[in-house]
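Taking it in order: structure first as structure tokens, then the write-up.
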Amino acid sequence: MDSPETEASTHSEKREDTAPSTSNTSGQEDGPKPKKVSFKRTTGKPANAKAKKHKKARVSRPAQLGYTVHQGEDMLLVISSSTSQYDGSAWTPPKKGSKKKKLTKVKLKANQIKKKKTVRAKPKLANNPVAKEKEDTNLLMLQNATDHRWGQSLPEEVLISIFQMVVVQDGAVPFLCRVGRVCRLWNAAASSPVLWRKVTVGHCWIAPGKTQLPKTEKKIKDTFNWLAQNRFSQLRDFSLCHWTKNVTYAVEVVSQFCPQLHSLKLSYCTGLTATAFHSLGLHSRSLQSMDLQYSEFQVEGLLEYLENHGIQIKQILFTHGLKNDRLLTAITKGNCPDLELLEVNTKLDSKGCELPICIQALQMACPKLKTFRMLNVRPLHKMMRNGADSTLGFPLLEELCIATTSYSYMTDKDLWDILFGSTRLRVLDLRGCSRITPFGLATLPCLELECLFWGQYFNSNVTLSSPKKGLHMVTQKWNRTLQQLDIANQLFTEEDLEIAMSHLAQATEADTLRSLNLSGTRITPPALRPVIGQMTALSYLNLSSCRYLPRGMKRIYRGQEDIRLLLDKLE
């Protein structure tokens with residue numbers, strides 16, 4: 001038994017780990033023995049020692065040879081070129097299920113990985129999916145490695161332009177604060193003062209209705225102070241919304257560090273004291289617009305500011321209140337001679353909002369007024385004590401809005417007293433003014449009116465009113481210039497509506513009408529057909545609640561195609 005084992009071991013050493021013989025006479029007992037012996041003694045072979053040195057050299061990545069050596073059957077060595085176009089297709093011994101062949105397969109995979117790391121370009125084979133998949137993986141890894149750096153390769157001017165588009169849509173805060181933390185390039189672009197010209201700050205640190213801790217308050221002040229010193233150098237329009245604390249501090253900081261401040265807006269804010277108005281008077285020499293709607297502030301401080309610096313103010317917007325009405329008195333005294341926009345509003349659910357106002361005094365104090373709005377406020381006209389009347393009126397007035405959700409005391413005479421000198425009027429909003437008649441509108445001096453809103457909304461007396469006449473005088477006067485007409489719930493007769501619509505249809509060369517609201521009126525198909533047929537620019541038509549129209553037509557039509565389909569039904 002000793003001699004066969006010795007011969008088997010000697011024979012295995014000579015064959016150097018070759019595959020077992022395929023003959024059936026050798027038997028299964030002699031097969032495993034050479035394997036064990038070969039695995040134990042391969043470490044001591046000189047040839048294998050050279051292979052180990054080759055592995056160490058592989059770690060240091062020396063210059064790769066242009067060929068590879070594979071071991072085949074019957075002590076054969078297969079030499080293949082690594083630069084051959086048949087890469088990865090070298091001959092390998094057939095699989096017989098032996099462990100030595102599995103080891104050879106692992107070595108082949110290592111060689112393939114080594115070939116993949118070479119810098120040389122290798123052509124792909126369409127019938128070699130393994131090589132193709134590996135190359136696609138390399139390209140994908142290279143692409144992913146460069147994709148995340150696209151933002152660092154853009155010029156700073158391009159990033160500023162991109163940020164500018166986002167700022168116009170979503171605002172500077174908190175967008176610029178977030179993108180400034182991406183990288184140094186984005187931080188430099190987000191720090192551009194051009195992007196910080198219009199800033200609106202809302203609930204940034206604390207949710208509405210929550211209490212403010214001392215640490216949170218200190219953080220708010222420090223952050224706001226840092227923004228004012230490092231970002232607001234070119235700030236022009238600043239808005240503060242839903243702040244119940246630190247309002248005075250914010251206004252003071254903005255006024256001190258923003259010399260170009262042009263507009264200040266406080267919406268639903270409380271706690272603004274006279275100190276803030278005093279700081280605005282000292283530092284904000286360019287301030288022209290103040291919007292204090294739905295905010296609580298110290299009226300005495302604002303009155304003092306208007307008395308000393310009202311000459312630079314061109315726009316004032318505030319909410320009706322017992323104390324705030326004193327502002328209108330100060331304006332009529334001439335504290336704001338260059339005022340161009342005046343708006344007084346109140347909440348929609350407010351009741352009994354009557355505002356005494358002397359129109360003659362306002363005309364003399366603000367001859368440059370262009371926009372005058374009283375939203376949901378019923379003006380009560382007062383006469384001047386000395387009896388002097390304004391001879392100019394509002395010569396530059398372009399928009400008058402006296403809209404209300406309930407009822408109004410406005411008459412034709414009151415409307416004439418306001419607009420007798422307003423030849424440039426473009427927009428007239430009289431929604432809720434049920435006492436205004438078509439004759440009063442037809443006598444106005446403005447000849448190029450573009451928007452007339454005369455609908456009756458939320459008025460319980462609409463259904464009880466008697467039918468009206470005379471709408472054709474209005475459409476005949478402004479049929480060439482009207483772009484928007486709203487006569488919702490106006491109870492004009494069917495004949496009068498038909499005549500009025502015919503006047504609109506006659507202005508075919510102008511074709512300026514864009515919006516027509518006939519909701520709740522007595523419009524009929526014969527009266528509606530010429531308007532739709534002639535006004536090709538009409539894109540909005542409201543026919544809801546029109547009882548004199550057939551079923552299926554009482555709805556809102558948007559777009560010219562939708563209106564053309566209605567025309568086909570009418571014909």
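The model shown is predicted, which means the values in this text are computed figures rather than measured ones.
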Would you please test Leu518 and Ile487 for side-chain contact (heavy atoms from CB on, under 4.5 Å) and show each step?
CA-CA 6 Å; Leu518 301 174; Ile487 55 172; 3.6 Å; yes

Do side-chain atoms of [X] reach the backbone of [Y] as a donor and acceptor pair under 3.5 angstrom?
| X | Y | result |
| --- | --- | --- |
| Arg529 | Leu570 | yes |
| Ser519 | Ser544 | yes |
| Ser286 | His262 | no |
| Lys477 | Leu444 | yes |
| Gln363 | Asp417 | yes |
| Asp496 | Leu471 | yes |
| Gln293 | Leu317 | no |
| Glu217 | Lys245 | no |
| Gln312 | Leu287 | yes |
| Asn376 | Thr404 | no |

Among Cys269, Ser295, Ser267, whose side-chain contact (heavy atoms from CB on, under 4.5 Å) with Cys241 holds?
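Single pass found, and it is Ser267.
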
Could you check whether Gln483 and Arg514, counting side-chain N and O atoms only, form a donor-acceptor pair closer than 3.5 Å?
no

Going by atom types alone, do Thr270 and Glu296 pair a side-chain donor with an acceptor below 3.5 Å?
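Absent: no donor and acceptor within the cut-off.
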
Hey, are the side chains of [X] and [Y] touching, using non-hydrogen atoms and a 4.5 Å cut-off?
| X | Y | value |
| --- | --- | --- |
| Thr524 | Leu497 | no |
| Asp414 | Thr411 | yes |
| Lys368 | Asp338 | yes |
| Asn345 | Val377 | no |
| Val166 | Val179 | no |
| Val344 | Leu327 | no |
| Trp454 | Asp486 | no |
| Arg236 | Leu261 | no |

Start with the C-alpha gap between Tyr540 and Leu538, add the side-chain angles, then the distance that decides, and say whether side-chain contact (heavy atoms from CB on, under 4.5 Å) holds.
CA-CA 6 Å; Tyr540 176 84; Leu538 190 64; 5.9 Å; no

Using 30° and 60° as the class boundaries, would you call the ring planes of [X] and [Y] parallel, tilted or perpendicular?
| X | Y | answer |
| --- | --- | --- |
| Phe277 | Tyr305 | tilted |
| Tyr294 | Tyr268 | parallel |
| Phe372 | Phe394 | tilted |

Between [Y] and [X], is there a salt bridge with N-O shorter than 4.0 Å?
| X | Y | result |
| --- | --- | --- |
| Arg424 | Glu398 | no |
| Glu448 | Arg426 | yes |
| Asp222 | Lys218 | yes |

Cation-pi geometry met for [X] and [Y] (6.0 Å, 45°):
| X | Y | answer |
| --- | --- | --- |
| Arg178 | Phe175 | no |
| Lys221 | Tyr249 | yes |
| Arg431 | Phe453 | yes |

Spacing of SG belonging to Cys258 relative to CG belonging to Asp237, to within rounding of 0.5 Å
11.0 Å

Please evaluate residues Thr200 and Val173 with respect to the criterion side-chain contact (heavy atoms from CB on, under 4.5 Å), reporting the C-alpha separation (whole Å), side-chain torsions for both, the decisive distance (0.1 Å), and the verdict.
CA-CA 7 Å; Thr200 300; Val173 178; over 6 Å; no

Carefully, step by step, assess Phe297 and Phe318 under the rule ring-ring contact (aromatic ring centres under 6.0 Å, His included).
CA-CA 11 Å; Phe297 53 90; Phe318 63 94; 8.1 Å; no

Go through the steps to decide whether Val474 and Trp478 satisfy the test side-chain contact (heavy atoms from CB on, under 4.5 Å), and finish with yes or no.
CA-CA 6 Å; Val474 177; Trp478 294 310; 3.7 Å; yes

If you count every heavy atom of other residues, nucleotides or ligands that lies below 6.0 Å from Ile311 atom CD1, does the total exceed 12?
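No.
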
Criterion side chain to side chain donor-acceptor pair (under 3.5 Å) on Ser255 and Ser279, from CA distance to verdict:
CA-CA 7 Å; Ser255 62; Ser279 179; 2.6 Å; yes

